There are 2 protein chains.
Amino acid sequence: MENSDIKNAGLKVTLPRMKILELLESSDDRHLKAEDIFKMLLDSGEEIALATVYRVLTQFEAAGLVERHHFDGGHAVFELSDGTHHDHLVDIESGNVVEFYDEKIEHRQKEIARKYGFTITEHTMVLYGRFDKIDK
Amino acid sequence: MENSDIKNAGLKVTLPRMKILELLESSDDRHLKAEDIFKMLLDSGEEIALATVYRVLTQFEAAGLVERHHFDGGHAVFELSDGTHHDHLVDIESGNVVEFYDEKIEHRQKEIARKYGFTITEHTMVLYGRFDKIDK
DNA sequence: ATGAATGCAAAAACTTTGCATGACG
DNA sequence: CGTCATGCAAAGTTTTTGCATTCAT
């Protein structure tokens with residue numbers, strides 16, 4: 001259960017934290033803005049402040065529970081981290097996000113870092129574009 | 001000269017636009033925040049408004065003259081586009097940015113897009129980390 | 001009980017916009 | 001000269017912070 005995740009992060013198990021974590025786990029859309037989360041929680045009858053959402057997400061990020069991404073658009077999106085790294089395809093029309101992982105790219109990134117004498121702590125790759133229409 | 005760039009973009013050649021373009025061309029740091037540009041111009045004695053910097057950068061971006069990136073940190077950085085695509089190494093301590101281009105990665109990205117039925121219009125790859133200390 | 005977490009409101013950081021004035025072609 | 005661009009200030013967004021109150025342990 002997710003309570004242990006919160007505890008392991010050295011955080012008290014509070015209602016807001018549980019609700020946010022539950023929402024991130026159950027949401028269809030894995031990539032949510034703070035405001036999305038805030039509104040979804042309000043809609044489901046929770047009492048929560050937007051400031052709390054930001055604070056909790058920042059704590060979860062520090063604990064490695066979630067990842068914060070800055071896709072184009074000037075706002076951050078958060079996703080539950082699943083331990084494994086992955087990159088993103090972002091549909092510039094719908095905003096839909098698809099995750100992918102490619103061993104060749106990961107490997108090549110390491111080679112590049114070595115070439116530049118660079119130690120990677122984190123990396124993001126985002127392909128912006130459109131998913132082909134499936135006209136039938 | 002850069003005046004033709006501005007004209008080709010369908011924009012009047014005004015002092016603010018020229019100064020911003022000149023600064024982007026001459027700056028040591030190729031990646032600047034709007035506020036950086038604003039302050040640098042003020043420091044060099046120009047009279048300009050921050051709003052103008054944002055407006056001009058947005059126009060330049062639309063014209064393909066500059067690129068806007070959203071690295072981690074909640075603010076956009078702008079760089080003069082040189083026609084060729086490249087990716088970035090960002091030093092998480094100093095904020096220094098190094099550009100690189102890797103044919104293998106570009107090629108692999110296209111393969112991935114094809115696999116997902118995705119048409120890429122743009123893409124960014126950022127490696128965050130540290131440049132190895134060169135202790136002598 | 002006591003230290004941490006929350007809610008609220010205010011503020012901060014970044015960016016956009018309305019409008020009167022000024023400059024380009 | 002007409003139109004487009006600028007400056008200024010105000011407003012919009014997104015995110016952070018201070019403080020009194022509430023909650024978890």
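Residue numbering restarts at 1 for every chain, and letters A, B, ... go by the order of the sequence lines. Values in this document were obtained by computation on a predicted structure and should not be read as measured data.
Phosphate proximity of dA5(D) to Thr14(B): absent, as no side-chain N or O sits under 4.0 Å from OP1 or OP2. Considering only side-chain N and O atoms, Tyr54(B) lies nowhere under 4.0 angstrom from the phosphate OP1 or OP2 of dT16(C). Distances shown here put every side-chain N or O of Thr58(B) at or beyond 4.0 Å from the OP1 or OP2 atom of dT15(C).
For the 3.5 Å distance criterion, the side chains of His86(A) and Glu79(A) qualify, holding a donor opposite an acceptor.
Rounded to a whole Å, the CE atom of Met18(A) is 12 Å from the P atom of dT6(C). In this structure, CZ of Phe38(B) is placed 13 Å from C1' of dC14(C), rounded to the nearest angstrom. As a whole-Å value, the separation of Leu57(A) CG from dT16(D) C1' is 13 Å. Protein atom NZ of Lys39(A) is 10 Å distant from nucleotide atom P of dT13(D), rounded to whole Å. dG3(C) atom P lies 18 Å from atom CG of Leu11(A), rounded to whole Å. Across the protein-nucleic acid pair, Phe60(A) atom CZ and dA5(C) atom P stand 11 Å apart, rounded to whole Å. Regarding Lys12(B), its NZ atom lies at a distance of 16 Å from the P atom of dG22(C), rounded to whole Å. Atoms CG (Leu32(B)) and C1' (dC14(C)) sit 16 Å apart, rounded to a whole Å.
Rounded to 10 degrees, the angle separating the terminal helix axes of the helix from dA1(C)-dT25(D) to dG25(C)-dC1(D), each built from five base pairs, is 30°.
In the hydrophobic clustering of ILVMFWY residues, with side-chain heavy atoms under 4.5 Å counting as a link, Leu32(A) and Val98(A) come out apart. Val97(A) and Leu57(A) fall into different hydrophobic clusters, where Ile, Leu, Val, Met, Phe, Trp and Tyr are joined by side-chain heavy atoms under 4.5 Å apart, directly or via other members.
With dC24(C), dT15(D), dG7(D) as the candidates, the nucleotide lying closest to the side chain of Ala49(B) is dG7(D). With distances taken from any side-chain atom of Arg55(B) to the nucleotides dC19(D), dA24(D), dG18(C), the minimum falls on dG18(C).
Comparing Val13(B) and His70(B) by the nucleotide of DNA chain C that holds the closest heavy atom to each, the one mapping nearer the 5' end is His70(B). Nearer to the 5' terminus of DNA chain D, by closest-nucleotide assignment, is the contact made by Leu50(B) (compared with the other of Ala51(A) and Leu50(B)).
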_Could you go through Thr119(A) and Asp132(B), starting from their C-alpha distance and side-chain angles, then the distance that decides it, and tell me whether this counts as side-chain hydrogen bond (donor to acceptor under 3.5 Å, both in side chains)?_
CA-CA 7 Å; Thr119(A) 303; Asp132(B) 302 340; 2.9 Å; yes
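Within 4.0 Å of Arg17(B), counting heavy atoms only, lie sugar-phosphate atoms of the nucleic acid but no base atom.
Two rings, from Phe71(B) and His88(B), have their centers less than 6.0 Å apart. Taking the six-membered ring for Trp and the full ring otherwise, His70(A) and His75(A) have centroids separated by 6.0 Å or more.
The base of dT14(D) is not paired with the side chain of Lys33(A) by any donor and acceptor separated by under 3.5 Å.
A distance of 5.0 Å separates CD of Gln59(B) from CG of Leu11(B), quoted to the nearest 0.5 Å.
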